[in-house]
Amino acid sequence: ISCDNEETTLYLDYVGTNDYYAVGTCTVENPSTFEETVEFSYDGDGFVASGPPDATIAAGDSVEIQVMIRSASSDATLRNVTIDAEVTSVGPNENFPDFLQAFLPSDSSNIMAQVAEFVDLSASLQQGSLTLSSELMLPMSATLFVTNNGNVDDDVTVTIENAAILEERNIGLNITNSGQSGTIDAGGGAATYTLRFTPDPSMADESFAVMIKIQSSFDNSQTTEVSLTLNTTAPEESILDLTEMNIPTWAYIAGGTLSLLVLFAIVMSIRKRIRGAQSSRSFEDDED
């Protein structure tokens, strides 16, 4: 007996919750000149291994058997599945079993099997939205939780997929990892990231989605995304803020001219009062 994966690893793939599965192939040959009946036994070395219980092989012929290997654990330890083949009868000779008891013709082979290494990332936000105020100009932070439910440690990268939407509004962004390193342990390990947004004084009143992308470094195809709603508020308009009133240029000119005329009228009125007061004093002096 010889198996295809005696020296190369057969990887068990995920097929369902707590279920990993693969099929190995072994070839059993009968080089004798007799028809043989062969029984098989399987040792999974921690896996569950199964296959046909026996096979009848013609003289000089061979058969292939399929060995099903399962695991309820995602542990990626390499294991050695053993398949034993033992001849239990040969041809029509009824006395031959006694001969077999003396010599026990048998053989064995093995399959190197392992649950395939994989990452299974999930992410969530502590809060689904933030508000940035142009009036208060205070930075605001969102907390991101990332979990690795795979069976291999992973370094993840957190980025903003639509970062241009922040750049267009001149909103600052800083992403930090609160852990000691960027590695998230397998089997439910988690990491916390803080996304700090800095407002701009010229922001408008609007609301838009910021797409946060979490990507695996072990498997670049493994990514997950979460959405954060960012609300921005413009500064409150002042009653005296003429720049927000869209006043045309000619109105400024007319207003300035009118102001000068009013000022001129006030000055002329004051001069007349001063002259009138001076004339009264002169008349009184003459009478004295």
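In what follows, every heavy atom counts, from backbone to side chain, and hydrogens, waters and symmetry copies are set aside. One is the number of the first residue; the rest follow in order along the sequence.
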Do you see a donor-acceptor pair shorter than 3.5 Å between the side chains of [X] and [Y]?
| X | Y | value |
| --- | --- | --- |
| S134 | D200 | no |
| Q66 | T25 | yes |
| T183 | D155 | yes |
| T159 | Q215 | no |
| D45 | N80 | no |

Hey, does the side chain of [X] reach the backbone of [Y] with a donor-acceptor pair shorter than 3.5 angstrom?
| X | Y | result |
| --- | --- | --- |
| D43 | T82 | no |
| D154 | A186 | no |
| D84 | S41 | no |
| E36 | E29 | no |

With heavy-atom distances below 4.5 Å as the criterion, would you say the side chains of [X] and [Y] are in contact?
| X | Y | value |
| --- | --- | --- |
| I171 | M203 | yes |
| L130 | V210 | no |
| Y42 | I83 | yes |
| D219 | F118 | no |
| N151 | E117 | yes |
| N110 | C3 | no |
| L195 | L228 | no |
| L166 | F208 | yes |

Requested in this report: Would you give the length of the straight line joining atom CD1 of I184 to atom CG of L121, rounded to the nearest 0.5 angstrom?
Outcome: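 Output value for this atom pair is 6.5 Å.
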
